[in-house]
Amino acid sequence: HNVRKCTVNKTFDLALDLTHAKMEDFWAGALWALEIWLYLIISLIMVPAMFGFSLGISETYMNILVKTLEWATLKIQTAHAEEEVLKRSSSNELEELRRSRPKLLGGDFTLSDCFYFTRRGIESIVDDEVTQRFSSEELVSWNLLTRTNNHFQYISLKLTLVYGLGIFIRYCILAPLRITLAIIGLSWLVIGTSAVGLLPNGRVKSWLSEWAHVMCYRICARGLSAAIRYHNRENKPRKGGICVANHTTPIDIVILCNDACYAMVGQIHGGLMGVVQRAMVRSCPHVWFERAEMKDRHLVTKRLTDHVNDKTKLPILIFPEGTCINNTSVMMFKKGSFEIGATIYPVAIKYDPKFGDAFWNSSKYSMISYLLRMMTSWALVCNVWYLPAMHQQAGEDAVQFANRVKSAIARQGGLVDLQWDGGLKRGKVKETFKEQQQKMYSSMVVGEDSSSSD
Amino acid sequence: MGSRASTLLREEEIEEIKKETGFSHSQITRLYSRFTSLDKGENGTLSREDFQRIPELAINPLGDRIINAFFPEGEDQVNFRGFMRTLAHFRPIEDNEKNKNPPTSEPLNSRTNKLLFAFRLYDLDRDDKISRDELLQVLRMMVGVNISDEQLGSIADRTIQEADTNGDNSISFSEFIKVLEKVDVEQKMSIRFLH
């Protein structure tokens with residue numbers, strides 16, 4: 001009996017030792033794998049990013065991706081025929097109302113006048129121009145991501161297999177890689193800019209600060225598998241100007257800063273964002289406001305004007321829409337940045353929705369879950385067009401100037417040019433628009449365009 | 001997530017709606033997507049605020065009356081069936097329907113039903129006649145502050161005078177139909193629904 005106990009104890013101890021050894025092996029092995037992983041990342045991704053050349057790995061990845069998606073698209077029978085786009089004529093609304101009424105002498109009212117307003121109202125209920133801009137764009141054919149699966153059903157086994165493989169690749173291989181890169185990139189931004197900030201002001205400091213900024217943004221861009229194509233680089237924004245662009249996501253900043261250095265404008269946040277902001281401002285001047293200062297329009301304008309007038313400071317980057325729009329349209333530009341009288345450098349950014357939806361729906365996703373979604377997409381493909389500089393012309397007020405710049409950006413990026421305010425995402429529409437419609441209708445009832453009126 | 005759209009609407013429901021309203025299968029699923037995107041509370045019904053969130057509807061002078069048409073008497077929520085039933089009034093009348101023998105019950109998008117929709121826009125208290133007061137209120141909605149009370153009053157009086165045939169100083173539905181008999185209601189009260 002005792003002998004058996006001894007044997008049991010011995011085997012037990014042996015098993016424990018083995019497990020310990022295995023555990024140590026396991027940890028040693030894990031550490032070793034982590035080391036290899038980091039070396040790979042640094043050599044294959046960070047070093048090229050820092051010095052701006054490419055090893056061609058991402059290009060190969062993108063090519064494979066494009067081919068796979070094309071194959072998948074062919075497999076999926078698109079039951080959607082070319083949908084007739086219901087383009088409501090943008091002609092003068094007054095003319096349309098006038099034409100729809102029966103011929104009457106001297107203006108006046110008929111019971112059928114309500115038909116026009118009713119029809120417009122029901123049309124806007126079925127589909128309207130504005131609310132669709134605040135949610136992600138619908139894709140014509142599926143791109144093998146779960147999140148864009150709106151109307152697509154099971155097609156074939158092969159497709160499902162590819163889809164499953166895609167999930168594995170995206171979540172188990174790409175996502176950890178990208179998260180590592182993002183962390184490295186951000187920490188480098190803080191450390192690098194703080195280090196540069198210790199230097200005395202001068203040519204060397206600004207050159208180093210630019211290099212530190214661009215390097216960090218390049219790492220972040222690799223961290224999102226971003227494939228960016230810049231067009232018309234001769235129009236790149238220069239010092240002493242303001243760069244305006246359409247806004248889709250906070251990642252716009254990474255996209256634009258990969259190519260040039262800008263001074264940011266914004267509100268100082270607390271927490272991690274605040275740390276980053278304070279570090280950045282040590283190496284080169286950005287325009288950060290306290291929350292209370294943002295409300296004071298004059299103060300904001302003055303600080304922007306001062307920054308712009310100092311020709312040694314970097315161009316300011318502003319997103320005049322004020323909120324994120326889903327990259328199918330450009331909404332009203334707020335006139336604040338157009339009143340300063342500086343040179344405006346418009347930039348159009350257009351994302352390719354096939355590879356991943358870049359739009360940040362802030363009412364649906366928090367920043368963290370949005371970034372995670374970005375890191376588990378296929379890639380981020382976008383085109384950036386630099387447009388020629390624009391100045392405010394004589395006899396043009398800030399609002400007209402803003403609209404002119406907006407139209408130029410919309411035209412270049414292939415986006416719909418809307419007059420509606422992006423603030424409608426959260427707020428109500430102004431009463432003045434309704435009053436405009438009422439006024440227009442009244443003029444017809446009273447019959448201002450005829451000789452007799454009551 | 002978008003995949004809710006096709007899973008929460010059962011085939012039997014789609015068939016019932018098809019029979020009742022005449023919309024095609026794809027039109028119904030498309031309108032269901034629209035319904036769910038408007039339904040911010042995600043409880044399967046729309047409230048008046050959900051409609052008000054559409055900017056183009058909010059600036060429409062008759063916006064409130066149109067929204068009201070979706071809600072049955074005394075209720076504050078409209079479900080998808082009610083939504084489709086109201087939208088069905090605006091389905092265009094197809095040519096082959098005009099020549100067919102009239103079905104047992106009148107389709108929702110017949111000329112009479114379209115006129116009934118417009119009549120109800122004016123008839124604020126749903127008592128089946130448009131009184132002078134009701135006409136004045138709707139007129140005021142359409143013109144805002146740009147026309148004086150007296151002028152508006154005389155416009156309302158003249159309209160009732162022209163339409164009223166039985167002398168009760170208000171417009172009944174049959175009188176309404178008579179006044180608008182020459183108007184191309186089918187075209188003016190129809191919108192194109194994408195297939």
Side-chain angles (χ1 to χ4, degrees), chain A residues 79-81 83-86 100-102 108-132 135-136 138 146-153 363 420-421 424 428-443 445-446 453-454, chain B residues 1-3 5-6 26 29 31 33-34 37-38 51-63 65-67 69-70 86-87 89-90 117-118 121-122 130 138-139 141-147 151 154-156 158-159 163 171 176 179-180 182-183 185 188-195:
Chain A
H80 308 276
E83 308 210 314
E84 2 164 18
V85 183
L86 198 68
S100 73
R101 301 167 100 235
D108 226 355
F109 166 74
T110 77
L111 287 167
S112 62
D113 280 351
C114 74
F115 289 179
Y116 170 74
F117 289 116
T118 313
R119 198 180 67 241
R120 295 296 295 268
I122 298 283
E123 273 172 356
S124 67
I125 290 179
V126 170
D127 197 11
D128 77 299
E129 278 293 326
V130 183
T131 54
Q132 55 165 291
S135 59
S136 302
E138 242 189 77
T146 327
R147 59 195 67 144
T148 48
N149 186 2
N150 276 340
H151 304 291
F152 309 109
Q153 316 103 329
S363 44
W420 296 96
D421 185 356
L424 288 171
K428 281 196 175 321
V429 66
K430 290 206 208 99
E431 278 295 306
T432 44
F433 293 110
K434 190 191 251 194
E435 286 156 19
Q436 266 174 16
Q437 297 238 338
Q438 288 169 330
K439 197 157 185 203
M440 185 183 69
Y441 175 66
S442 316
S443 68
V445 173
V446 168
S453 62
D454 293 60
Chain B
M1 274 244 300
S3 52
S6 33
S26 53
T29 37
L31 286 168
S33 291
R34 176 69 174 162
S37 73
L38 290 173
F51 283 102
Q52 295 276 357
R53 225 174 273 121
I54 304 173
E56 289 163 40
L57 188 61
I59 67 168
N60 191 316
L62 288 180
R65 294 302 304 153
I66 298 172
I67 295 174
F70 281 87
T86 316
L87 285 182
H89 287 99
F90 291 86
F117 188 91
L121 275 179
Y122 289 106
I130 305 176
V138 178
L139 271 169
M141 281 185 218
M142 287 202 270
V143 306
V145 299
N146 300 293
I147 298 187
Q151 217 173 352
S154 61
I155 292 177
R158 196 184 21 245
T159 313
I171 308 179
F176 189 77
V179 170
L180 296 175
K182 294 220 181 57
V183 175
V185 177
K188 293 206 167 72
M189 288 284 271
S190 298
I191 72 173
R192 281 167 71 204
F193 290 90
L194 290 178
H195 288 279

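Only heavy atoms go into these numbers, but all of them, side chains included; no hydrogens, no water, no symmetry mates.
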Check your understanding: Do A:L111 and B:T159 pass the side-chain contact (heavy atoms from CB on, under 4.5 Å) test, and can you show the C-alpha distance, the side-chain angles, and the key distance before you say yes or no?
Key -> CA-CA 8 Å; A:L111 287 167; B:T159 313; 3.9 Å; yes
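- Side-chain contact between B:M142 and A:Q438 is absent, with no heavy atoms from C-beta onward closer than 4.5 Å.
- B:L180 and A:S112 make their closest contact through CD2-CB, 3.7 Å (heavy atoms, listed as atom of the first residue, atom of the second, distance).
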**Study point:** side-chain contact (heavy atoms from CB on, under 4.5 Å) between B:R34 and A:D128, intermediate numbers included
**Key:** CA-CA 10 Å; B:R34 176 69 174 162; A:D128 77 299; 2.8 Å; yes
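- Between the side chain of A:E435 and the main chain of B:G144, no donor-acceptor pair closer than 3.5 Å is present.
- Looking at heavy atoms from C-beta onward, B:F90 lies out of side-chain contact with A:V126 at the 4.5 angstrom threshold.
- The CE atom of A:M440 sits 11.5 Å away from atom CG of B:N146, with the distance rounded to the nearest 0.5 Å.
- Across all their heavy atoms, B:I66 and A:G121 have their closest contact at CD1-CA, 3.8 Å.
- One finds the CD atom of A:E431 at 10.0 Å from the CD1 atom of B:I59 (value rounded to the nearest 0.5 Å).
- Inter-residue side-chain proximity for B:P55 and A:W420 is flagged as met; some heavy-atom pair is nearer than 4.5 Å.
- Residue with the most contacts toward chain A among B:I130, B:L139, B:L31: B:L139 (heavy-atom pairs, distance under 4.5 Å).
- Under the salt bridge (Lys or Arg N to Asp or Glu O under 4.0 Å) criterion, B:R65 pairs with no residue at all, not counting sequence neighbours.
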Practice item. Please assess B:N60 against A:K434 for the test side-chain contact (heavy atoms from CB on, under 4.5 Å), listing each intermediate value before the final yes or no. Key: CA-CA 6 Å; B:N60 191 316; A:K434 190 191 251 194; over 6 Å; no
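- Partners of B:Q52 according to the side chain to side chain donor-acceptor pair (under 3.5 Å) rule, which considers only residues two or more places apart in sequence or in another chain, are B:D64.
- A salt bridge between B:K188 and A:D113 is absent, with no side-chain N of the basic residue lying under 4.0 Å from a carboxylate O of the acidic one.
- Side chains of B:I54 and A:V130 form no contact here, defined as non-hydrogen atoms less than 4.5 Å apart.
- Within the 4.5 Å cutoff, the side chain of A:F115 has heavy atoms near those of the B:V183 side chain.
- Heavy-atom distances place both the backbone and the side chain of A:T118 under 4.5 Å from chain B.
- Separating the CE atom in B:M189 from the CZ atom in A:R119 is a distance of 9.5 Å, to the nearest 0.5 Å.
- Contacts between B:I67 and chain A at a heavy-atom distance below 4.5 Å are absent for every atom of the residue.
- Heavy atoms closer than 4.5 Å to chain A are found in both the backbone and the side chain of B:L57.
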Exercise for review: Please step through side-chain contact (heavy atoms from CB on, under 4.5 Å) for the pair B:F70 and A:I125, ending with a clear verdict.
Suggested key: CA-CA 11 Å; B:F70 281 87; A:I125 290 179; 3.4 Å; yes
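- When the candidates B:S37, B:S190, B:A163 are compared by the number of heavy-atom contacts under 4.5 Å with chain A, B:S190 comes out ahead.
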